[in-house]
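Everything below concerns the one structure shown next.
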Amino acid sequence: MSATPATPATPSTPATPGQPPAPPVLPVLQADCANCFALCCVALPFAKSTDFAANKAAGTPCKNLQDDFRCGIHTRLRDKGFQGCTVFDCFGAGQQVSQVTFGGRDWRAHPGTAGAMYEVFPVMRQLHELLFYVTGALALPAAAPLHAELRRAQAETAQWTAADADALTRLDVGALRGRVNTLLLRASELARAKAPARKRNHRGADLMGARLAGCDLRGANFRGAYLIAADLSGADLRGADLIGADFRDADLRGADLRGALFLTQPQLGAARGDAATRIPSTLVRPAHWSA
């Protein structure tokens with residue numbers, strides 16, 4: 001059973017009689033590293049691979065972390081073999097844990113907070129990621145029949161982001177994800193109902209290295225699909241559901257991703273694209289993409 005938040009979230013503005021309540025005030029869903037105590041560089045583990053040049057245990061500071069919580073090789077991460085760092089995004093969970101949950105007390109000056117801080121960070125990241133997806137679903141006109149349910153899910157999730165560390169460590173975040181994901185799936189189905197490729201269901205499919213160049217994939221379902229090193233150059237992915245799809249080293253040169261559902265910045269960062277790749281206006285073209 002889920003725990004109850006120990007502290008309330010920033011409240012919604014009280015509703016005028018006969019009017020729906022104002023939406024909750026959401027935490028920032030974009031990373032602000034200057035206000036984070038480098039939690040992704042400490043709390044999370046990584047293994048030596050094509051994404052990381054060395055092994056690191058959870059709770060151990062990365063060897064490249066400086067005393068000011070900045071990365072010593074930030075501008076050279078790819079060159080130094082730390083590509084995985086360049087595609088990670090906490091969706092703003094880092095500064096939320098650092099400045100809200102722990103009130104600006106960092107794990108160096110207050111070592112007693114370290115264990116709880118490292119435990120809370122992955123939970124907070126999941127909450128922020130859910131808020132990112134729910135906010136995206138609320139922007140879909142076709143999902144209007146679900147907007148009331150989505151707003152309730154948004155308010156509940158936002159409330160948890162303001163809970164204290166003890167409540168967050170007891171939260172059954174998996175159960176919350178399950179409830180929210182059901183709504184996101186229904187929103188996706190409504191949004192893709194009239195798309196040409198809506199019947200192309202590749203949910204969870206192994207499409208590593210698949211040759212999909214130039215394909216009309218508008219409205220296709222790629223939820224959780226493995227698209228590692230897939231050739232999607234010139235493909236039309238408008239309206240495709242891309243939630244959780246693995247785009248590591250996928251070729252997106254010339255592809256059209258405008259209006260793609262639930263596309264994230266880390267997914268773009270993991271792929272290869274160019275100046276001809278069309279992306280949603282809410283996302284940023286990765287610096288490493290070719291001109």
Taking every non-hydrogen atom, the tightest pair across Cys41 and Leu65: CB-CD1, 4.3 Å

Verify same cluster id: Phe121, Val100 (apolar side-chain graph, 4.5 Å): no

Donor-acceptor pair, side chain of Asp241 and main chain of Ile243, under 3.5 angstrom: yes

Donor-acceptor under 3.5 Å (Trp289 side chain, Ala271 main chain): yes

Any Leu252 side-chain heavy atom under 4.5 Å of Ser233 side chain: no

Pairs touching residues 187-228 that satisfy ring pair (Phe, Tyr, Trp, His ring centres under 6.0 Å), sequence neighbours left out: His202-Phe222

Ring centroid separation Phe69 to Trp107 under 6.0 Å: yes

All pairs passing side chain to side chain donor-acceptor pair (under 3.5 Å) where residues 79-105 contributes a residue, at least two apart: Arg78-Gln83, Arg78-Thr86

Pairs where residues 231-288 contributes a residue and the test ring pair (Phe, Tyr, Trp, His ring centres under 6.0 Å) is met, not counting sequence neighbours: Tyr133-Phe262

Main-chain N/O of Lys48 paired to Lys56 side chain as donor or acceptor, under 3.5 Å: no

Smallest separation among heavy atoms of Ala137 and Leu150, with atom names: CB-CD1, 3.8 Å

Interatomic distance, Leu146 atom CG to Leu190 atom CG [nearest 0.5 angstrom]: 5.5 Å

Smallest separation among heavy atoms of Phe52 and Ala47, with atom names: CB-O, 3.5 Å

Gln267 side-chain N/O to Leu242 backbone N/O, donor-acceptor pair under 3.5 Å: yes

NE2 (His74) with more than 12 external heavy atoms under 6.0 Å: no

Shared hydrophobic cluster, Leu184 / Leu263 (ILVMFWY, side-chain heavy atoms < 4.5 Å): no

Sub-4.5 Å side-chain heavy-atom contact between Thr169 and Val120: yes

Same cluster (ILVMFWY, side-chain, under 4.5 Å), Phe102 and Tyr118: yes

Expected output: side-chain Arg200 to main-chain Ala197 donor-acceptor under 3.5 Å: no

Side-chain heavy atoms of Asp251 within contact of Asp231, under 4.5 Å: yes

Donor-acceptor contact present, side-chain Thr135 to main-chain Leu131, <3.5 Å: yes

Salt-bridge contact Glu129-Arg125 (side-chain N to carboxylate O under 4.0 Å): yes

Student check: side-chain heavy atoms of Leu176 and Leu130 closer than 4.5 Å: yes

Sub-4.5 Å side-chain heavy-atom contact between Asp246 and Leu227: no

Whether Phe46 and Phe82 hold their rings parallel, tilted or perpendicular, with breakpoints at 30° and 60°: perpendicular

Closest approach of Ala31 to Cys90 (non-hydrogen atoms, all atoms of both residues): CB-SG, 3.9 Å

Interatomic distance, Leu44 atom CG to Leu39 atom CG [nearest 0.5 angstrom]: 8.5 Å

Under 3.5 Å: donor-acceptor pair, side chain of Asp216, backbone of Arg218: yes

Considering all heavy atoms, the nearest Ala158-Leu26 contact: CB-CD2, 3.8 Å

Backbone N/O of Thr277 and side chain of Asp274: donor-acceptor pair under 3.5 Å: yes

Asp51 and Ser49: side chain donor to acceptor below 3.5 Å: no

Salt bridge (Lys or Arg N to Asp or Glu O under 4.0 Å) assessment of Arg108 paired with Asp106: CA-CA 6 Å; Arg108 279 191 172 128; Asp106 70 79; over 6 Å; no

side-chain contact (heavy atoms from CB on, under 4.5 Å) partner of Asp256, chosen from Leu217, Ile279, Asp236, Leu237: Asp236

Taking every non-hydrogen atom, the tightest pair across Ala235 and Leu212: CB-O, 3.7 Å

Gln66 atom CD: more than 12 heavy-atom contacts under 6.0 Å: yes

Contact check, side chains of Trp160 and Glu156, non-hydrogen atoms, under 4.5 Å: yes

Spatial distance of atom CG (Leu140) from atom OG (Ser188) [nearest 0.5 Å]: 8.5 Å

Heavy-atom check, side chain of Thr264 versus side chain of Leu283, under 4.5 Å: no

CA sep, side-chain torsions, deciding dist, call: Arg70, Asp68, salt bridge (Lys or Arg N to Asp or Glu O under 4.0 Å): CA-CA 5 Å; Arg70 302 298 179 92; Asp68 62 356; 5.2 Å; no

Connected via hydrophobic side-chain network under 4.5 Å: Leu268 and Phe88: no

Under 3.5 Å: donor-acceptor pair, side chain of Thr157, backbone of Ala153: yes

Cys71 and Leu77: CA distance, side-chain angles, deciding distance, side-chain contact (heavy atoms from CB on, under 4.5 Å) verdict: CA-CA 9 Å; Cys71 174; Leu77 282 166; 4.0 Å; yes

Under-4.0 Å salt bridge between Glu149 and Arg186: yes

Close side-chain approach of Leu261 to Arg192, heavy-atom, < 4.5 Å: yes

Leu138 CG to His147 NE2 distance, which is reported to the nearest 0.5 Å: 5.5 Å

Sidechain-backbone polar pair: Asp166 side chain, Leu168 backbone, donor-acceptor under 3.5 Å: no

